[in-house]
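Down below is the structure, laid out as C-alpha cells.
Worth knowing before you read on, the calculation uses all heavy atoms, side chains too, and leaves out hydrogens, waters and symmetry mates. Here, residue 1 is the first one in the sequence, and each next residue gets the next number. None of the values given here were measured: they were computed from a predicted structure.
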Amino acid sequence: MFIEKYGSGKDVIILVHGGPSLYGYMGTLGKELEDNYTIVDYAQSGTFESPLSEKVSIDSHINDLIALVNENSGTGKVIIIGHSWGADVALLASGKDSTNIEKLILIGTAALNEEISDKHGDTLNKRYTDTVKEQLKEIEVELNKELSIDKRNSVMQKRLALTSPFYHLDPKTEELVPESKWNFETFLQSIDSLWDLIDAGKIPSILKDVKVPVVAYQGDYDPIPYKETFEFLENSISNIETHVIEKSGHFPWLEATSKD
C-alpha cells in the first residue's frame with residue numbers, strides 16, 4: 001500500500017479515508033496534527049495509489065488496517081481517526097482485533113444500516129438543484145450502457161464532482177478538499193461486501209466486540225443523519241462518546257464555521 005508518514009511525537013495516529021477508494025484528502029486533517037503526533041496516512045488497497053490485481057472486500061480492508069496498526073505500535077498503542085467509510089473500517093477492524101489500538105475517533109460515520117442509508121440518500125436528493133438532478137439522470141443512463149472500466153470511472157468522477165458540494169454547509173468548502181481519483185470498480189467491491197454484512201445482520205454483534213474507547217463526531221448538516229447514526233452506535237458500543245458539531249457538514253475540519 002502507498003503510505004505517507006510524517007509528523008513528530010511518540011503517539012501515532014492512523015488516518016482512514018472514506019470513499020471507498022478516495023485517497024488524498026485526509027492529509028488536510030493530518031497537517032493539523034503533525035506537530036504533536038506521528039501521522040500515518042495510507043491509501044487503502046484498491047485505490048489508484050495502492051492498486052491490486054485481486055478483488056478487495058471489507059475483510060481485506062479490515063486486515064490491512066489491523067496489519068498497519070501492528071506495524072506502527074512499536075512505541076505504544078495507536079489512535080485511529082476514521083472518516084465516513086473509513087470510520088466503518090476502523091470500527092470493524094477494532095471489533096476484530098483491538099490489541100494495539102488506544103482509541104477510535106470517528107468523523108461522519110457512514111451508514112451501517114438501511115435506515116441511515118435511506119435517510120442519507122433522501123437528504124441529498126432534497127438538496128440537489130433541478131439542474132443537478134437532470135445531470136444525475138443523464139449519468140445513470142450512461143452507466144447503464146456497456147462501458148470500459150476507464151470510461152465508467154470517468155463518468156463516476158463527474159458524478160462525484162456534481163454531488164460532493166452538497167455534503168458541505170458552505171459549498172465552497174469543496175474547494176478545500178483535494179481532488180481524488182475514484183476507482184469505481186473497487187468502490188463497488190468494497191461497498192457490496194460491507195452490505196453483505198449489513199444485510200446479514202452481523203454489524204451489531206461485531207460492534208459489541210469493540211472494547212476500546214470510541215469518540216464519534218458528526219456535523220449537524222452532514223447528510224448522513226447524526227441522530228440515527230449515534231443511536232445505532234450507542235446501542236452497540238458500550239464505551240462511546242458522541243458529539244454533534246454545529247454548523248458543519250461532512251468535513252468538519254474544513255468548514256469555516258466548525259474547523260476550530
Side-chain angles (χ1 to χ4, degrees), residues 13 15-34 39 41 80-91 104-113 115-137 139 156-182 187 191 214-234 240-260:
I13 292 176
L15 303 177
V16 191
H17 65 78
S21 297
L22 284 175
Y23 170 74
Y25 70 89
M26 287 292 278
T28 58
L29 178 58
K31 295 300 181 184
E32 299 289 339
L33 303 169
E34 64 178 342
I39 307 299
D41 187 5
I80 298 177
I81 300 180
H83 176 247
S84 197
W85 149 269
D88 295 354
V89 175
L91 279 168
L104 304 181
I105 299 174
L106 314 178
I107 305 174
T109 307
L112 284 168
N113 68 19
E115 177 195 6
I116 296 170
S117 179
D118 289 345
K119 191 157 188 177
H120 175 197
D122 290 343
T123 299
L124 282 176
N125 197 51
K126 290 174 182 176
R127 292 180 185 177
Y128 294 152
T129 64
D130 289 341
T131 300
V132 167
K133 287 179 181 178
E134 286 302 315
Q135 291 174 307
L136 290 174
K137 286 180 182 178
I139 285 174
M156 288 306 298
Q157 201 76 30
K158 292 179 183 177
R159 190 183 191 285
L160 181 65
L162 282 173
T163 59
S164 290
F166 296 93
Y167 279 79
H168 312 298
L169 178 64
D170 180 357
K172 290 185 178 179
T173 304
E174 183 63 16
E175 297 172 6
L176 303 176
V177 182
E179 185 177 352
S180 299
K181 191 178 179 185
W182 197 4
F187 166 88
I191 286 291
V214 178
V215 185
Y217 296 95
Q218 201 110 355
D220 59 1
Y221 192 76
D222 194 328
I224 302 172
Y226 69 86
K227 289 181 181 179
E228 290 81 358
T229 298
F230 287 169
E231 181 180 3
F232 179 78
L233 294 176
E234 288 167 346
I240 184 170
E241 295 178 19
T242 56
H243 300 276
V244 179
I245 303 179
E246 296 182 355
K247 298 180 180 179
S248 175
H250 196 51
F251 296 77
W253 71 93
L254 292 178
E255 293 267 12
T257 48
S258 64
K259 63 181 182 180
D260 289 343

Can you confirm whether Tyr217 sits close enough to Leu106 that some side-chain heavy atom of one is under 4.5 Å from a side-chain heavy atom of the other?
no
Closest heavy-atom contact between Pro252 and Ile245?
CB-CD1, 3.7 Å
Should we say atom NZ of Lys133 is surrounded by more than 12 heavy atoms from elsewhere, each under 6.0 Å from it?
yes
Between Arg159 and Leu136, the two heavy atoms sitting closest are CG-CD2, 3.7 Å
Check: Thr173 side chain, Asp170 main-chain N or O, donor-acceptor pair, under 3.5 Å
yes
For the side chain of Trp182 and the backbone of Pro20, is there at least one donor-acceptor N/O pair under 3.5 Å apart?
yes
Indicate yes or no for a side-chain donor-acceptor contact from Gln157 to the backbone of Ser180 under 3.5 Å, with no hydrogens or angles considered.
yes
Enter the distance from Thr163:OG1 to Glu174:CD here, rounded to the nearest 0.5 Å.
8.5 Å
Residues that Tyr23 engages under ring-ring contact (aromatic ring centres under 6.0 Å, His included), provided they are two or more places apart
Phe2, His17
Measuring from Asp41:CG to Met26:CE, what's the distance to the nearest 0.5 Å?
7.0 Å
Pair Thr242, Glu234: side-chain N/O donor-acceptor within cut-off below 3.5 Å
yes
Apply side chain to side chain contact (heavy atoms under 4.5 Å, CB included) to residues Leu176 and Thr28 and explain how you reach the verdict.
CA-CA 8 Å; Leu176 303 176; Thr28 58; over 6 Å; no
Side chains of His120 and Ser117: does their closest heavy-atom pair fall under 4.5 Å?
no
Glu241 (side chain) donor-acceptor with Val214 (main chain) under 3.5 angstrom:
no
Looking at Glu175 and Lys172, does any basic side-chain N land under 4.0 Å from a carboxylate oxygen?
no
Mind checking the CG-CG spacing from Leu91 to Leu233? Nearest 0.5 Å is all I need.
6.5 Å
Test log, rule side chain to side chain contact (heavy atoms under 4.5 Å, CB included), inputs Ile107 and Leu29:
CA-CA 11 Å; Ile107 305 174; Leu29 178 58; 4.1 Å; yes
Between the side chain of Ser164 and the main-chain N/O of Leu160, is any donor-acceptor distance below 3.5 Å?
yes
Ion pair Glu255/Lys247, N-O distance below 4.0 Å:
no
Spacing of CH2 belonging to Trp253 relative to OG belonging to Ser258, to within rounding of 0.5 Å:
10.0 Å
Would Trp85 and Leu22 satisfy side chain to side chain contact (heavy atoms under 4.5 Å, CB included), going step by step from the backbone distance to the final call?
CA-CA 10 Å; Trp85 149 269; Leu22 284 175; over 6 Å; no
If you measure from CD on Glu134 to CD1 on Ile139, what distance do you get to the nearest 0.5 Å?
12.0 Å
On a heavy-atom basis, the closest approach of Ser248 and Leu169 is N-CD2, 4.1 Å
Where do Gly108 and His250 come nearest, in terms of heavy atoms and distance?
O-CE1, 3.2 Å
Please report the closest heavy-atom contact between Val177 and His168, naming both atoms and the distance.
CG2-CE1, 4.1 Å
With the side chain counted from C-beta on, respond yes when Ile80 and Leu15 share a heavy-atom pair under 4.5 Å apart, and no when they do not.
no
Which heavy-atom pair separates His243 from Val215 by the least distance, and what is that distance?
CD2-CG1, 3.7 Å
For Tyr25, the ring-ring contact (aromatic ring centres under 6.0 Å, His included) test, sequence neighbours excluded, returns His83, Phe251
Using the side chain to side chain contact (heavy atoms under 4.5 Å, CB included) rule, take Val132 and Phe166 through it: C-alpha gap first, then chi angles, then the decisive distance, then the call.
CA-CA 10 Å; Val132 167; Phe166 296 93; 4.0 Å; yes
Is the charged tip of Arg127 near the ring of Tyr167: under 6.0 Å from the six-membered ring centre and within 45° of its axis?
no
Nearest-0.5 Å distance, CE of residue Met156 to CZ of residue Phe187:
6.5 Å
